Amino acid sequence: MTDVMVRAEGVVKKFGTNTVLRDISLEVKRGEVMCLIGPSGSGKSTFLRCINHLESVSGGRLFVEDDLIGYRQKGDKIYELSPKEAAEQRRDIGMVFQKFNLFPHMTALENVIEAPIRVKKVSKAAATARGKELLERVGLGDKFDSYPAHLSGGQQQRVAIARALAMEPKLMLFDEPTSALDPELVGEVLDVMKELAKSGMTMIVVTHEMGFAREVADSLVFMDGGVVVEAGDPRTVLANPQHERTQAFLSKVL
Amino acid sequence: MTNAQHGSAAGETLPPNGAVPTKAIKAIKLRHPWRTFFAIVIILIAALFIYDAGFNRPAYDWASVGKYVFDVRVIGAAFNTLQLTVYSMIIGIILGIILAVMRLSPNPIFKSVAWVYLWTFRGTPVYVQLVFWGLLAVIYQSIDIGLPFMHPWISFKTTAALNAFTLAVIGLALNEAAYMAEIVRAGILSVDKGQEEASKALGMSWGQTMNRITIPQAMRIIIPPTGNDVISMLKTTSLVTAVPYAFDLYTRTRDIASETFNPIPLLIVASIWYLFFTSILMIGQYYLEKRYARGTGMQIERRGKRKFVREVAPRD
Ligand SMILES: Nc1ncnc2c1ncn2[C@@H]1O[C@H](COP(=O)(O)OP(=O)(O)OP(=O)(O)O)[C@@H](O)[C@H]1O
Ligand SMILES: [Mg+2]
């Protein structure tokens with residue numbers, strides 16, 4: 001088994017004629033936390049969505065462990081994956097969205113056990129037991145039967161994290177998980193994410209929470225205009241940015 | 001300090017620094033004298049109308065209404081109308097869902113087929129379609145199953161295979177499917193894109209996403225207009241005389257009336273039965289809507305019954 005969880009080799013993504021990612025290369029090791037920062041429109045979400053193939057890359061290669069994402073390589077030919085194969089690749093990559101995207105017609109617990117039952121064919125009893133454990137782990141032991149509409153934003157996001165964890169992912173992607181939250185609710189979600197990082201989960205986090213990046217991340221990547229402008233140890237990059245675009249961005253957000 | 005007095009109108013809560021509890025407001029209810037006035041006027045008019053209809057208008061012939069409303073022929077016809085409605089709606093809904101999914105699919109062939117279907121069946125009157133179905137046996141004398149240009153494996157005469165009732169159901173169902181397709185499509189499009197994404201990100205297939213995530217949420221949008229369509233279908237069945245099918249409620253009462261030369265009481269009889277079915281359908285719709293309101297904070301409550309009367313009755 002390799003030590004590398006995610007490897008991007010010259011990833012390019014175009015929407016029509018609009019090139020959103022140009023030649024992104026980076027590596028995330030198993031158990032590492034990478035934070036991704038950058039101005040609006042720089043392609044952060046697009047890059048995350050490429051990693052679990054919600055978007056397909058237009059050029060370059062993207063590997064999770066040793067799987068080429070979205071394609072199958074045979075000799076020097078590359079074949080598109082069928083929807084079924086793509087779904088199989090996705091199921092052990094968890095994703096948490098800015099707007100939570102909980103299923104509103106299901107209770108917290110039903111949200112968490114849905115995919116294990118349908119996708120992994122886990123028995124309902126086993127999924128329920130595991131789902132309760134996970135909800136307790138994110139501090140929602142008393143909210144099993146609540147519908148999303150009756151939960152605060154912070155609680156909803158924690159359910160969303162538990163829902164992703166229920167699939168036993170090897171990698172978790174977070175797309176601005178705290179950006180839609182009231183300031184006093186940000187902490188409770190970050191705490192869950194810190195605990196998750198400590199437990200050894202590999203994570204890629206798009207965030208504007210520089211405190212979190214400084215404290216938890218193993219590496220920090222600054223993106224702008226679809227390229228990686230600067231990458232490195234978060235404390236070094238934040239304290240002493242080399243590139244002037246990084247400096248300009250950080251002076252605005254810090 | 002004055003803040004505490006302004007603060008809570010609830011009365012129960014103590015002000016923060018433990019001072020005197022604020023009292024509950026005992027307000028005199030706002031009165032609506034004009035509402036009462038208009039209610040009385042309307043009740044009076046209605047009473048006059050009913051009195052007049054009951055005693056001064058022999059053409060209503062209430063005795064005949066009473067005699068025919070439970071006539072076996074009428075009850076049989078009412079049951080036929082109900083069957084026509086139920087069968088054509090079930091087929092119409094299933095076909096409508098398929099057409100809606102086809103229209104939303106990325107496959108250009110599915111999309112065009114669905115589009116042409118909608119164009120044809122929404123673009124022509126249902127009455128004309130029913131006449132066409134009635135003439136099916138004239139156009140296609142036999143129904144053959146097999147490969148083109150070869151001797152068919154199975155072949156039967158159209159008139160033997162499809163009786164007037166079946167043709168009526170087919171005609172109504174295929175027309176309804178076109179309308180249902182649009183209702184279902186609007187419902188599916190109303191579901192937030194993020195839902196599909198979250199479901200996909202969990203590894204759920206397109207089918208699982210549709211069944212478990214998208215359609216259940218689309219239902220809330222789909223049910224009210226579908227209920228409307230069911231009620232509308234109940235009444236559209238009166239057009240099956242075009243096929244011609246003569247045993248639905250309207251055609252049957254009309255035929256009885258032409259024997260007795262007394263049309264008005266039989267029109268009332270038919271109306272009573274249509275209203276009876278419509279009322280039952282409205283109750284069904286109410287409970288379906290509540291069922292799919294899960295998670296929106298509008299579930300059935302303990303006092304469901306009282307709310308039902310308020311919501312089904314026309315609002316003021
Ligand atoms: N589905 C799409 N079709 C066309 N263009 C898109 C699509 N998704 C994103 N884009 C474009 O790609 C660019 C990058 O978008 P992206 O959402 O990745 O940025 P971001 O870095 O996540 O920004 P933000 O901080 O605002 O979330 C934007 O210019 C956007 O308009
Ligand atoms: Mg984004």
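In what follows, chains carry the letters A, B, and so on, assigned in the order in which the sequence lines appear, proteins first and then strands, with residues in each chain numbered from 1. Keep in mind that this is a model prediction, so the values were computed, not measured.
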Subject >> Segment of A:F103 engaging chain B (4.5 angstrom heavy-atom cut-off) >> reply: both

**OP:** With rounding to the nearest 0.5 Å, note down the distance linking NE2 in A:H105 to CZ in B:R220.
**Re:** 11.5 Å

Original post:
Does atom CG of B:L147 have more than 12 heavy-atom neighbours from other groups under 6.0 Å away?
Top reply: yes

**OP:** Side chain from CB out, backbone as N, CA, C, O: work out which of these in A:L102 comes under 4.5 Å of a heavy atom of chain B, or both, or neither.
**Re:** backbone

Subject >> Minimum side-chain heavy-atom gap A:M106-B:P216 below 4.5 Å >> reply: no

Subject >> Proximity of residues 196-203 of chain B to chain A, residues having a non-hydrogen atom under 4.5 angstrom >> reply: B:E197, B:A198, B:S199, B:K200, B:A201, B:L202, B:G203

Subject >> A:E195 atom CD, neighbour heavy-atom count above 12 within 6.0 Å >> reply: yes

**OP:** Enter the distance from B:Q208:CD to A:E114:CD here, rounded to the nearest 0.5 Å.
**Re:** 8.0 Å

**OP:** Let me know if A:E110 has heavy atoms under 4.5 Å from chain B in its side chain, its backbone, both or neither.
**Re:** side chain

Original post:
Got a sec: does the CZ of B:F110 have more than 12 other heavy atoms crowding it under 6.0 Å?
Top reply: no

**OP:** Flag yes if more than 12 heavy atoms outside A:K194 fall under 6.0 Å of its NZ atom; otherwise flag no.
**Re:** yes

Subject >> Neighbour count above 12 (heavy atom, 6.0 Å) for A:K14 NZ >> reply: no

Subject >> Contacting region of A:R49 [heavy-atom separation from chain B under 4.5 Å] >> reply: side chain

Original post:
So which residues of residues 83-96 of chain A are in contact with chain B at a heavy-atom cut-off of under 4.5 Å?
Top reply: A:A87, A:R90, A:R91, A:I93, A:M95

**OP:** Check whether more than 12 heavy atoms from other residues, nucleotides or ligands sit under 6.0 Å from atom NZ of A:K99, and answer yes or no.
**Re:** no

